[in-house]
*Asks:* 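Sharing a structure here in structure tokens format.
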Number of protein chains: 4
Amino acid sequence: MIKVSVVGAKGRMGGNVVNAVNDASDTELALALDAGDDLTRITPDNTDVAVEFTVPSVSLGNVLTLIGQGVDVVVGTTGWTDEKLDQVRAALAQAPRPNQSVFIAPNFAISAVLTDHFAGLAAKYFESAEVVEMHHPDKVDAPSGTAIHTAHTIADARKAAGLAPVPDATETDGGSRGQTVDGIHVHAVRLRGLNAHEEVLLGNPGEQLVIRSDCFDRGSFMPGVLLAVRKVSAHPGVTIGLNNLLDL
Amino acid sequence: MIKVSVVGAKGRMGGNVVNAVNDASDTELALALDAGDDLTRITPDNTDVAVEFTVPSVSLGNVLTLIGQGVDVVVGTTGWTDEKLDQVRAALAQAPRPNQSVFIAPNFAISAVLTDHFAGLAAKYFESAEVVEMHHPDKVDAPSGTAIHTAHTIADARKAAGLAPVPDATETDGGSRGQTVDGIHVHAVRLRGLNAHEEVLLGNPGEQLVIRSDCFDRGSFMPGVLLAVRKVSAHPGVTIGLNNLLDL
Amino acid sequence: MIKVSVVGAKGRMGGNVVNAVNDASDTELALALDAGDDLTRITPDNTDVAVEFTVPSVSLGNVLTLIGQGVDVVVGTTGWTDEKLDQVRAALAQAPRPNQSVFIAPNFAISAVLTDHFAGLAAKYFESAEVVEMHHPDKVDAPSGTAIHTAHTIADARKAAGLAPVPDATETDGGSRGQTVDGIHVHAVRLRGLNAHEEVLLGNPGEQLVIRSDCFDRGSFMPGVLLAVRKVSAHPGVTIGLNNLLDL
Amino acid sequence: MIKVSVVGAKGRMGGNVVNAVNDASDTELALALDAGDDLTRITPDNTDVAVEFTVPSVSLGNVLTLIGQGVDVVVGTTGWTDEKLDQVRAALAQAPRPNQSVFIAPNFAISAVLTDHFAGLAAKYFESAEVVEMHHPDKVDAPSGTAIHTAHTIADARKAAGLAPVPDATETDGGSRGQTVDGIHVHAVRLRGLNAHEEVLLGNPGEQLVIRSDCFDRGSFMPGVLLAVRKVSAHPGVTIGLNNLLDL
């Protein structure tokens, strides 16, 4: 059994993590802490892995504390800059245990991570590629960070393979062709009822490949969080991105 | 048997019409004419319905001639203005036979016509609505005329029902939200391998309705052309739009 | 403001109805009752419409009581037989108020109701038609009652139009072609992560029409329940099916 | 420039290959032969790669002759048994040139090959998996060989990862759950207008991954045939399956 403590346990994501850890057969909940709680209660005696799901303003401090406590950390909070990551790496260099690990993921949905990964593998075999992301209408940014990442993944693969730009004879358009990210057109749909979805379209003469991720609710992150909990300790140092924990 | 003459028989669409007329059990080909041929060879003796698929620059002249010949006309050529339509109506007022008919359709694909129609019926029951059209990358305009029409259909239905604007909290966007047509966001994908496709997304809390038309090739127009051939004579005067020939 | 009482308020669906009634701007919650509560507390003084979401074994009794109390009733409980409906009609004939109404719906999701309705309108214009329903893997019956209903809707429309059977040259199959309901092939997918989805595919040479309903969660029923609450009183007697309350 | 001869040039697929070879900038047509033509006209002097698209009854003989002529061969004809493949290997062992190559593919559509490959990579990360294939209604077998292959790919990946069987609480079903291939449910849709399509659905709590291949027409095979023409010579001996020529 992997002993898991949750930091941010009263938040929406943290609460889901508590339930997922309780439900899985190979993990058990150690401590469920939230703002105001003393993180130094988390120690190697009671905890193998700490899962941190809070807000960007406090996440770095939490992670540094947890490293100092000698436990491995899985981080779901966003907002990581190169400067913050450097601080994490410095802390790990002086960590109490050898080979301590910190894993950070911008997106824990396995379907989303695989969509991005497969888009990168497939891109060089197709003449055309576009990305359509669809989210609930309360989202304030467009397109999603995941869609921008996928566009870059596709563009990088096309460049490495020496592909010409995607064909597009459009002469007159009032904006319907979307945003061009590194040469790849990205479209953002906002629709009540949806949560977080991404569709990658790849086209050749006579054929199309569609790769689509549907994240229907917050529960979509839990299989990825549990996978990170199980694998983080095998990846000493800082690892970013769930794709690095998958056998692909 | 309905006797059908085809004007523009050597063109891509006209050639398909010739084949469709030959294949259907209730139609038979009368004359297959093209540029340079004498349209006055088409008469009520040999022809019940003439199908005109040419180019905008000659279509009006062809239609006026065919009206004068006393046959009903199904027109697939685009580019009809109010002025041109007025000339057609004037010619019909002096036509040799009573109750002569001219039917004009901007889109003969039944799936596309129904998508537009159903979008209009459904629109008032959903908080959100967006249109995504997808075409081959050689198309020079974006979005498609059909998608613009569908956006107006949706917008009109929403206004008639007194709906509020579609919800959209987007604050930062570089163009990914597409073109707004009468308050409805329209997105245009251009992908090698595709032909002409349109998807209407309608959303409420917890649910989505998707209506999608796929026109894989020019053959997609033939069921609609045959339907028009069978029904045109029952609609004296000028009729525009395949939806007016469907029992909906 | 429409005053709404909820019977079965502690159930999963009933609880959602309580929230939806509280959230909507034109409805207000009167009484929220559950098993053991006295339904005669619901009267025309405090309630315009009672919403009944319980279980088949008690629903008929509840509805008869509510009719006797003189309020209109919206019923979401399933399991209605002709015998039960006859009892409801008999009770309405002796109801204390004139023109009392009972509305019963097997499915309150507007997207699902429209999918079925549009499938019926479109069916006669297409050579092929199939139904694919997709649900969570805990569902014990397959295919869904909604999919069976849609297959019958399509089959009826095809018969009325005199269409030939759907084309199918399959000679060898181990069961992959699914269940044939009234001549229409129906397929049932069971997949973790999904809730309740139905896709109708209609095909002609060169074209396809797809109509799809996605019900992501129980919230998908609430727009339909609210619509029924608003319209039930305009339909005296027993009305079955949300399509009868829509302007289609 | 790669010099390509086509065997079966008057067939539907062969004719498409002739056009594709003429259109590509790095290939040129050498000889276009068909039934009755003398295959020994194909020699290393005029041909780098021969593409064989005929029928199973003559394909083995053609391939053995072409090996004897000292050219590399790309084979699109189906119906290869272990016995036939042994004969090809024996012929290659005595081929006039060292390192001669024969490449055989059951499916040249890159989108279909990638769908199968990605399904195999993703399968172990998802609780549920099903396959839906969709074809034109003139196809005589169901499900498609490609869908059966994909089901095995998924099943193998699940077994290797020690996954439990897919969850399925279905108690009553009249056949809608499709055909079970190695524990994976496979559904076959037959619809006029479609050509050859396959959709793999993978599900976890709260999320879905969809991988879909659309082969709209015979042209969908040409990018794969050209890829094989370019890469066959780098794979001495017999190679089966386009996935082995892709960098995945």
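A, B, ... follow the sequence lines: proteins, then strands. Residue 1 opens every chain. As the structure is a prediction and not an experimental result, all values here were calculated from the model.
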*Asks:* Do A:H187 and B:V132 come within less than 4.5 Å of each other through their side chains, counting heavy atoms only?
*Replies:*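 No, every pair of side-chain atoms sits at 4.5 Å or beyond.
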*Asks:* Give the member of B:T172, B:L201, B:V131, B:T180 that has the highest number of heavy-atom pairs under 4.5 Å with chain A.
*Replies:*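 If we count pairs closer than 4.5 Å to chain A, B:T172 comes out on top.
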*Asks:* Which residues, numbered in order, of residues 143-166 of chain B come under 4.5 angstrom of chain A by heavy-atom distance?
*Replies:*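 Within residues 143-166 of chain B, the residues under 4.5 Å from chain A are B:P143.
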*Asks:* With a 4.5 Å cut-off on heavy-atom pairs, point out which of B:D141, B:T170, B:V189, B:V186 contacts chain A the most.
*Replies:*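 Most heavy-atom pairs within the cutoff with chain A belong to B:V189.
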*Asks:* Please rank A:R190, A:E171, A:Q208 by heavy-atom pairs under 4.5 Å with chain B and give me the top one.
*Replies:*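 It is A:R190.
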*Asks:* Between B:G203, B:S176, B:G174, who has the most heavy-atom pairs with chain A when the cutoff is under 4.5 Å?
*Replies:*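 Ranked by heavy-atom pairs under 4.5 Å with chain A, first place is B:S176.
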*Asks:* Taking every heavy-atom pair that is under 4.5 Å apart, which of B:G175, B:A169, B:A188, B:G178 has the most such pairs with chain A?
*Replies:*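 Top option by heavy-atom pairs under 4.5 Å: B:A188.
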*Asks:* If I compare all heavy atoms of A:P137 with all of B:P167, which pair ends up nearest, and what's the gap?
*Replies:*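 Scanning both residues completely, I find the closest heavy atoms to be CB-O, 3.3 Å.
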*Asks:* Within residues 107-130 of chain B, which residues come under 4.5 Å of chain A, heavy atom to heavy atom?
*Replies:*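 Residues in range: B:E127, B:S128, B:A129, B:E130.
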*Asks:* Side chain, backbone, both or neither: which part of A:L194 has a non-hydrogen atom closer than 4.5 Å to chain B?
*Replies:*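 It is the side chain, since no backbone atom gets that close.
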*Asks:* B:D168 versus chain A, heavy atoms under 4.5 Å apart: side chain, backbone, both or neither?
*Replies:*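 Both parts, heavy atoms under 4.5 Å.
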*Asks:* What closest approach, in Å, do B:L202 and A:L191 show between heavy atoms, and which atom pair accounts for it?
*Replies:*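 Closest approach of B:L202 to A:L191: C-CD2, 3.9 Å.
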*Asks:* Go through the atoms of A:H185 and report whether side chain, backbone, both or neither lie under 4.5 Å from a heavy atom of chain B.
*Replies:*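 Contact with chain B is absent: no heavy atom of A:H185 under 4.5 Å.
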*Asks:* For chain B, find which of A:N195, A:N204, A:V140 contributes the most heavy-atom pairs closer than 4.5 angstrom.
*Replies:*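 Heavy-atom pairs under 4.5 Å are most numerous for A:V140.
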